[in-house]
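Only one structure is covered here, and it is reproduced in the block below.
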Amino acid sequence: MTDHNEAQLTSAGTNINEVKRKNAEGGLSYNEVKKLLAQRGGVGTEIYSDTNVEEVKQEIHGKKQ
């Protein structure tokens with residue numbers, strides 16, 4: 001069984017646990033930033049938005065039948 005304090009190395013010698021620790025301290029990922037921008041109205045990020053465009057149009061213009 002592997003001790004959690006023992007370094008886990010890749011075949012190239014990279015310390016996996018150290019990379020994970022640094023990534024956790026690194027802030028938002030690229031996709032997290034794109035999603036945040038979409039939620040705040042970023043341009044060109046609509047694929048990350050959960051806004052229903054038709055619902056918003058109906059709220060703005062009223063329900064026309």
Result of checking Asn17, Ile16, Asn23 against Val19 for side-chain contact (heavy atoms from CB on, under 4.5 Å)
Asn23

Say you draw a straight line from CG of Asn15 to CZ of Arg21; how long is it, rounded to the nearest 0.5 Å?
9.5 Å

Taking only residues at least two apart or on different chains, which pairs with a member in residues 50-62 satisfy salt bridge (charged side-chain N to carboxylate O under 4.0 Å, His left out)?
Glu54-Lys57

Hydrophobic clusters join Ile, Leu, Val, Met, Phe, Trp and Tyr when side-chain heavy atoms are under 4.5 Å apart, directly or via other members; which others share one with Ile60?
Val56

Nearest heavy-atom approach of Ala38 to Ser49 is CB-N, 3.8 Å

With sequence neighbours left out, the residues meeting side-chain hydrogen bond (donor to acceptor under 3.5 Å, both in side chains) with Ser29 are Glu32

